[in-house]
Amino acid sequence: MDSKKVKKELDAIIGQLKEYAEPLRPFFEHEVTLKEYPKQLHDFDVRPEHKKRQALITDLIQKKFQNLFGRRAETELHINVDTKLAFNIADHHQVLNHPVLLSANYVSSAHKFLQLEKQDAVIVISSGDVPPNNFFSKNGFQFHGKRVPIFSNSEREYTSYYIPKRDFDFVGRLKRADRWELFSQDEKSFLAQEQERIQSYDYSKCADYNDQITVIVRETWPRIFEERIRATMPELLYMTQEELVTQCLITLLKGDSIISQCLFDKKFRDVVLEKFRGIVVTWNEEESKGTHFFWRKYPDQSRSLRMYIQGNRLVPDDVRFADLAVSIDRDTIIHMLEKREIYPSLFMIFSVLNFYAGVKPLVGYGSLTYLAFMKDAWMATLDVVGNTAERELASAVETDGFVAGLALFFKKVGEKIQTLYAYDCVCDGGVTQRYLEKISANPFGDILSVSAPDLYAYYSQKYVPKKEKIKVSITTDEAASVLLPWL
């Protein structure tokens with residue numbers, strides 16, 4: 001498409017995003033460069049009470065990485081949790097793949113790249129509840145525009161939290177699906193070598209698939225970038241939200257706090273159920289969406305069941321499993337968490353990490369919106385129950401640390417620009433220092449504008465009036481060719 005037409009349509013799309021996606025508006029106007037942007041993300045105040053509460057979280061994070069990577073992990077991997085805690089919570093616990101999620105870990109830490117000495121690790125508290133067949137994964141990863149399956153179709157609705165260790169035989173899956181011949185000889189060689197590499201990693205300390213992913217991500221991340229800059233770039237370490245908050249709850253629910261009151265104080269609980277109903281990641285009982293506080297393990301499968309409160313029990317919404325109801329008493333809930341029979345919902349996860357402990361969430365375009373709604377709901381809840389001290393603490397939590405929603409890595413193929421997925425970068429030898437210097441010198445707002453067509457696809461479904469919707473004909477790749485002419 002002609003560059004003038006691309007620019008005209010892009011301006012119209014951004015105009016509507018600014019009008020109808022209010023949380024996004026200021027980011028399109030950010031003139032600070034991508035290199036400087038993360039310094040703003042990490043410039044915030046931490047309340048002393050929040051710092052005290054975060055000690056439990058930092059202790060659990062340190063223990064997790066020591067268990068997986070050895071007792072010297074803290075020093076060898078440059079893990080520093082004695083700082084202002086701001087974690088990317090928008091990422092999914094899966095192999096590195098999608099441009100939006102891949103870029104988020106650079107956006108949050110661009111100031112740590114191209115330094116003379118190795119920088120502190122980037123810690124991601126990722127979602128381990130996502131099924132393999134999600135928008136950012138599609139059962140595996142994408143390579144040169146073709147899907148590479150890690151999971152079978154029969155496994156597509158599994159929840160990552162319950163998936164056992166696996167062999168990552170994606171070459172075998174491609175062959176059994178008669179899709180191996182879709183790849184060139186060079187592509188086949190790369191995939192075969194990559195599978196051999198992944199299968200060679202040390203998984204001896206891994207308890208399950210999620211632990212394997214933590215190992216794979218840590219090993220893959222440096223190879224996204226060219227070899228000469230790897231020595232000083234930060235490690236990328238994933239821990240799932242579900243595991244971290246489960247361990248937090250086993251401790252927190254033994255005491256009295258707004259977290260335990262959500263469950264064990266009926267009056268408080270009823271206010272919470274009312275104020276949070278309808279937020280996209282909480283619950284909507286009439287539409288059988290979300291769950292009240294916890295997900296229940298599905299018998300004999302790596303799946304989960306939603307539960308809603310009936311009386312003083314959490315009862316599976318699927319009537320076939322009514323006998324798996326969970327009594328809402330302190331000892332039972334703690335026991336079920338310890339046995340991994342239940343795990344926390346996103347309501348519990350964000351309530352514990354962010355609105356109780358004060359960890360700053362680094363968010364994507366979805367969580368930028370729904371965490372703002374959750375913060376408002378917590379303010380309303382604490383107003384009703386008259387807890388001014390907790391209201392003041394929760395009100396101080398910033399939920400607009402936007403990092404996940406823009407693609408960063410592109411290359412020119414012939415006369416066209418192509419967005420790169422993770423293994424495209426690896427196959428090419430890694431993103432170069434020169435590329436990082438160029439992309440990082442651009443204003444954040446300009447880079448975000450490149451991804452406006454994709455952002456519009458999400459926001460227009462929810463917020464743009466039907467009669468005003470634009471029929472988008474341009475792509476992120478075309479936007480990049482206009483806004484990043486140096487490509």
Side-chain angles (χ1 to χ4, degrees), residues 67-69 91-99 101-102 124 126-224 236-240 242-243 297-298 300-304 340 420-430:
N67 288 340
L68 273 183
F69 301 118
D91 210 341
H92 292 182
H93 203 78
Q94 58 196 28
V95 296
L96 297 177
N97 177 47
H98 197 279
L101 299 184
L102 180 67
V124 176
S126 53
S127 176
D129 180 45
V130 291
N133 188 35
N134 65 81
F135 175 78
F136 294 109
S137 175
K138 307 296 186 185
N139 280 356
F141 61 92
Q142 182 165 311
F143 174 56
H144 288 178
K146 297 179 279 286
R147 294 181 186 177
V148 179
I150 292 173
F151 293 88
S152 66
N153 285 333
S154 63
E155 298 172 308
R156 65 185 182 275
E157 297 303 328
Y158 281 6
T159 175
S160 299
Y161 187 72
Y162 288 128
I163 297 175
K165 290 166 70 171
R166 57 195 300 115
D167 61 8
F168 294 91
D169 181 19
F170 44 82
V171 171
R173 291 189 183 279
L174 284 168
K175 290 178 178 178
R176 290 190 293 274
D178 293 326
R179 294 179 52 219
W180 186 237
E181 296 307 318
L182 296 176
F183 295 86
S184 70
Q185 191 56 50
D186 286 344
E187 290 171 336
K188 289 177 182 178
S189 296
F190 172 80
L191 289 172
Q193 291 170 8
E194 201 60 32
Q195 176 170 294
E196 183 178 356
R197 180 189 292 268
I198 289 174
Q199 291 178 338
S200 73
Y201 295 149
D202 181 5
Y203 300 121
S204 60
K205 296 178 181 179
C206 296
D208 52 23
Y209 162 79
N210 277 346
D211 283 352
Q212 288 180 297
I213 288 297
T214 298
V215 171
I216 292 170
V217 166
R218 187 209 159 198
E219 295 283 355
T220 307
W221 172 244
R223 299 171 61 233
I224 300 295
L236 181 61
L237 303 175
Y238 279 25
M239 181 178 184
T240 70
E242 290 73 18
E243 179 179 0
K297 190 178 188 310
Y298 193 106
D300 302 319
Q301 291 188 31
S302 301
R303 296 168 57 191
S304 56
R340 289 170 54 93
L420 297 177
Y421 282 66
Y423 283 96
D424 298 336
C425 296
V426 173
C427 184
D428 287 347

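Along the sequence shown, residues carry numbers from 1.
Between Asn133 and Lys138, the shortest heavy-atom distance links the atoms OD1-CA, 3.6 Å. Looking at every heavy atom in both residues, Tyr161 comes nearest to Glu243 through CE1-N, 4.1 Å.
Among pairs with a residue in residues 128-137, none fulfils salt bridge (charged side-chain N to carboxylate O under 4.0 Å, His left out), at least two apart in sequence or across chains. A side chain to side chain donor-acceptor pair (under 3.5 Å) check over residues 169-178, counting only residues at least two apart or in different chains, returns the pairs Asp169-Gln195. Screening residues 192-204 for salt bridge (charged side-chain N to carboxylate O under 4.0 Å, His left out), with sequence neighbours left out, gives Glu194-Arg223.
In this structure a side-chain-to-backbone donor-acceptor pair under 3.5 Å is present from Ser160 to Val130. One N or O on the side chain of Glu155 and one on the backbone of Ser152 form a donor-acceptor pair closer than 3.5 Å. The backbone N or O of His144 lies less than 3.5 Å from a partner atom in the side chain of Asp424, making a donor-acceptor pair. In this structure a side-chain-to-backbone donor-acceptor pair under 3.5 Å is present from Ser137 to Pro132. Not one N or O on the side chain of Gln142 forms a donor-acceptor pair closer than 3.5 Å with the backbone of His98. Judged by distance alone, with hydrogens and angles left aside, the side-chain atoms of Tyr162 form a donor-acceptor pair with the main-chain N or O of Arg340 at under 3.5 Å.
With sequence neighbours left out, the side-chain contact (heavy atoms from CB on, under 4.5 Å) criterion links Pro99 to Ala407, Thr419, Tyr421. Listed by chain and residue number, Lys411 satisfy the side-chain hydrogen bond (donor to acceptor under 3.5 Å, both in side chains) test with Asp428 (two or more places apart in sequence, or in another chain). For Lys188, the side-chain hydrogen bond (donor to acceptor under 3.5 Å, both in side chains) partners two or more places apart in sequence, or in a different chain, are Glu181. Residues passing the side-chain contact (heavy atoms from CB on, under 4.5 Å) test with Arg179 are Arg147, Pro149, Leu174, Ala177, Leu182, sequence neighbours excluded. Take Cys206 and apply the side-chain contact (heavy atoms from CB on, under 4.5 Å) test, not counting sequence neighbours, and it matches Leu68, Lys165, Tyr203, Asp211, Gln212, Val215. Checked against side-chain hydrogen bond (donor to acceptor under 3.5 Å, both in side chains), Ser304 has the following partners two or more places apart in sequence or in another chain: Tyr343. Partners of Glu219 under the salt bridge (Lys or Arg N to Asp or Glu O under 4.0 Å) rule, at least two apart in sequence or in another chain, do not exist in this structure. Remark: Tyr209 engages no residue in a side-chain hydrogen bond (donor to acceptor under 3.5 Å, both in side chains) (not counting sequence neighbours). Not a single side-chain contact (heavy atoms from CB on, under 4.5 Å) links Ser200 to another residue, sequence neighbours left out.
Exactly one residue among Ile216, Ile224, Ile213 makes a side-chain contact (heavy atoms from CB on, under 4.5 Å) with Leu96. That residue is Ile224.
Atom CZ of Phe151 and atom CZ of Phe170 lie 12.5 Å apart (nearest 0.5 Å). To the nearest 0.5 angstrom, Gln199 atom CD is 6.0 Å from Asp167 atom CG. Considering OG1 of Thr240 and CG of Asp91, their distance stands at 12.5 Å, rounded to 0.5 Å. Between the CG atom of Asp208 and the CD1 atom of Ile163 there is a distance of 9.0 Å, given to the nearest 0.5 Å. Summarising the geometry, atom CG belonging to Leu236 is positioned 9.5 Å from atom OG1 belonging to Thr220; distances are rounded to the nearest 0.5 Å.
The closest side-chain heavy-atom distance from Tyr298 to Thr159 is not below 4.5 Å. No side-chain heavy atom of His93 sits less than 4.5 Å from a side-chain heavy atom of Glu242.
The aromatic rings of His92 and Phe136 sit perpendicular, their planes meeting at an angle over 60°, well past the 30° parallel limit.
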(request) Would you please test Phe190 and Phe183 for side chain to side chain contact (heavy atoms under 4.5 Å, CB included) and show each step? (result) CA-CA 10 Å; Phe190 172 80; Phe183 295 86; over 6 Å; no
(request) Begin from the C-alpha positions of Tyr423 and Asn97 and carry the test side chain to side chain contact (heavy atoms under 4.5 Å, CB included) through to its verdict. (result) CA-CA 7 Å; Tyr423 283 96; Asn97 177 47; 5.6 Å; no
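Counted by atom type alone, Gln94 and Asn134 present one or more donor-acceptor pairs between their side chains at under 3.5 Å.
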